[in-house]
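In what follows, chains are A, B, ... by sequence order, proteins preceding strands, each numbered from 1.
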Protein chains: 2
Amino acid sequence: EQAIVSAVTHDTSEAKMTLAGVPDRPGVAATVFRALADQEVNVDMIVQNVSDHGVTDISFTVPHADLASAMEHTERLAAEVGAAGVSSDDTIARVSVVGAGMRSNPGVAATMFETLSSCGVNIQMISTSAIRVSCVVDGGQVEDAVRALHEAFGLHEA
Amino acid sequence: EQAIVSAVTHDTSEAKMTLAGVPDRPGVAATVFRALADQEVNVDMIVQNVSDHGVTDISFTVPHADLASAMEHTERLAAEVGAAGVSSDDTIARVSVVGAGMRSNPGVAATMFETLSSCGVNIQMISTSAIRVSCVVDGGQVEDAVRALHEAFGLHEA
Ligand SMILES: C[C@@H](O)[C@H](N)C(=O)O
Ligand SMILES: C[C@@H](O)[C@H](N)C(=O)O
């Protein structure tokens with residue numbers, strides 16, 4: 001099945017937060033995200049990779065307007081769950097390549113990563129779905145990245 | 001906007017691989033995934049969280065049938081990019097909650113995580129999209145997890 005890339009999107013409306021060094025045991029993610037939900041913090045993207053020596057990091061994005069309160073709540077949660085700390089970055093952007101048939105075509109992700117690399121853009125986080133490869137990058141470079149990605153995938157920039 | 005959860009899905013057809021301690025600089029992800037694409041390894045989910053002291057981990061899933069060759073290629077890549085090592089786990093399952101309006105309803109992710117915790121299921125990886133929250137868990141627990149998630153979201157199990 002050929003992969004068809006239909007769009008390149010980007011989003012600078014959110015900030016990134018990372019709860020670092022959380023214990024990797026059942027209930028930790030539940031505690032964190034139930035508390036944030038109760039505080040009506042609009043969590044969008046959540047990324048957690050595998051743990052190392054029993055600890056891992058949980059990163060997530062929130063709208064810029066929610067960052068201050070989200071940080072306040074998450075610092076309290078960090079203490080509660082025994083995490084190492086919390087950090088945030090409100091200068092990020094998320095850029096995504098959207099398409100169909102990507103699962104059977106690893107070349108699409110490879111092309112996206114090569115294109116970002118060719119612009120000197122460092123990939124801070126990667127997350128995928130069946131129809132989308134998303135990267136968190138520096139917001140200051142996102143316009144160059146988006147232009148280069150449109151070119152790489154033969155798309156016209158809107 | 002109310003979130004509507006329409007389905008709980010699970011997938012035991014893939015294994016997890018982690019390329020650990022990769023240098024966090026432009027070009028690394030490109031090198032890894034272009035090589036895997038060239039080898040026709042069917043990479044599905046890719047997760048990378050933020051780096052710490054200049055290194056991070058890149059995890060991805062492949063069909064069980066591709067695991068042996070993917071490990072062989074990735075071990076070579078690990079040396080090439082200066083990564084710390086490669087590991088794999090062919091006993092995982094991926095379980096997802098699918099719905100609409102989840103971005104503005106952090107309670108859905110919280111409910112999913114609480115439900116998994118209540119079954120004693122540890123969440124190894126988390127990845128989200130606008131319509132899906134996915135967790136990598138132990139394949140041996142996935143049936144209990146899926147049953148509990150259907151119940152938690154008021155869905156009938158197919
Ligand atoms: C780290 C966090 O995801 C933990 N493993 C949990 O299940 O809640
Ligand atoms: C770690 C990897 O994603 C690296 N930051 C890159 O841009 O390729």
Quick check for you: to the nearest 0.5 Å, what is the distance between [X] atom [atom1] and [Y] atom [atom2]?
X        : Y        : atom1 : atom2 : result
A/Gln48  : B/Ile123 : CD    : CD1   : 7.0 Å
B/Phe60  : A/Asn49  : CZ    : CG    : 11.0 Å
B/Met112 : A/Ile46  : CE    : CD1   : 10.0 Å
B/Asp52  : A/Asp57  : CG    : CG    : 6.5 Å
A/Arg34  : B/Ser117 : CZ    : OG    : 12.0 Å

Side-chain contact, heavy-atom cut-off 4.5 Å: [X] with [Y]?
X        : Y        : value
A/Leu36  : B/Pro106 : no
B/Val50  : A/Ser59  : yes
A/Asn122 : B/Asp24  : yes

A/Asp44 and B/Thr128: which non-hydrogen atoms are nearest, and at how many Å?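 That would be O-OG1, 3.6 Å.
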Heavy-atom closest contact (A/Ser127 atom, B/Ser127 atom, distance):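 Minimum heavy-atom separation between A/Ser127 and B/Ser127: OG-OG, 3.2 Å.
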Which answer fits [X], side chain, backbone, both or neither, if we ask what part of it has an atom under 4.5 Å from a heavy atom of chain B?
X        : answer
A/Arg132 : neither
A/Thr111 : both
A/Val41  : backbone
A/Gln39  : neither
A/Val121 : backbone

Check each atom of B/Thr18 against the heavy atoms of chain A and say whether the ones under 4.5 Å are side chain, backbone, both or neither.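 Just the side chain, heavy atoms under 4.5 Å.
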Most contacts with chain B, counted as non-hydrogen pairs under 4.5 angstrom, among A/Pro63, A/Ser51, A/Ala37: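 Ranked by contacts with chain B, first place is A/Ala37.
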Near B/Glu75 CD, under 6.0 Å, is it more than 12 heavy atoms from other residues, nucleotides or ligands?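 Correct, the count exceeds 12.
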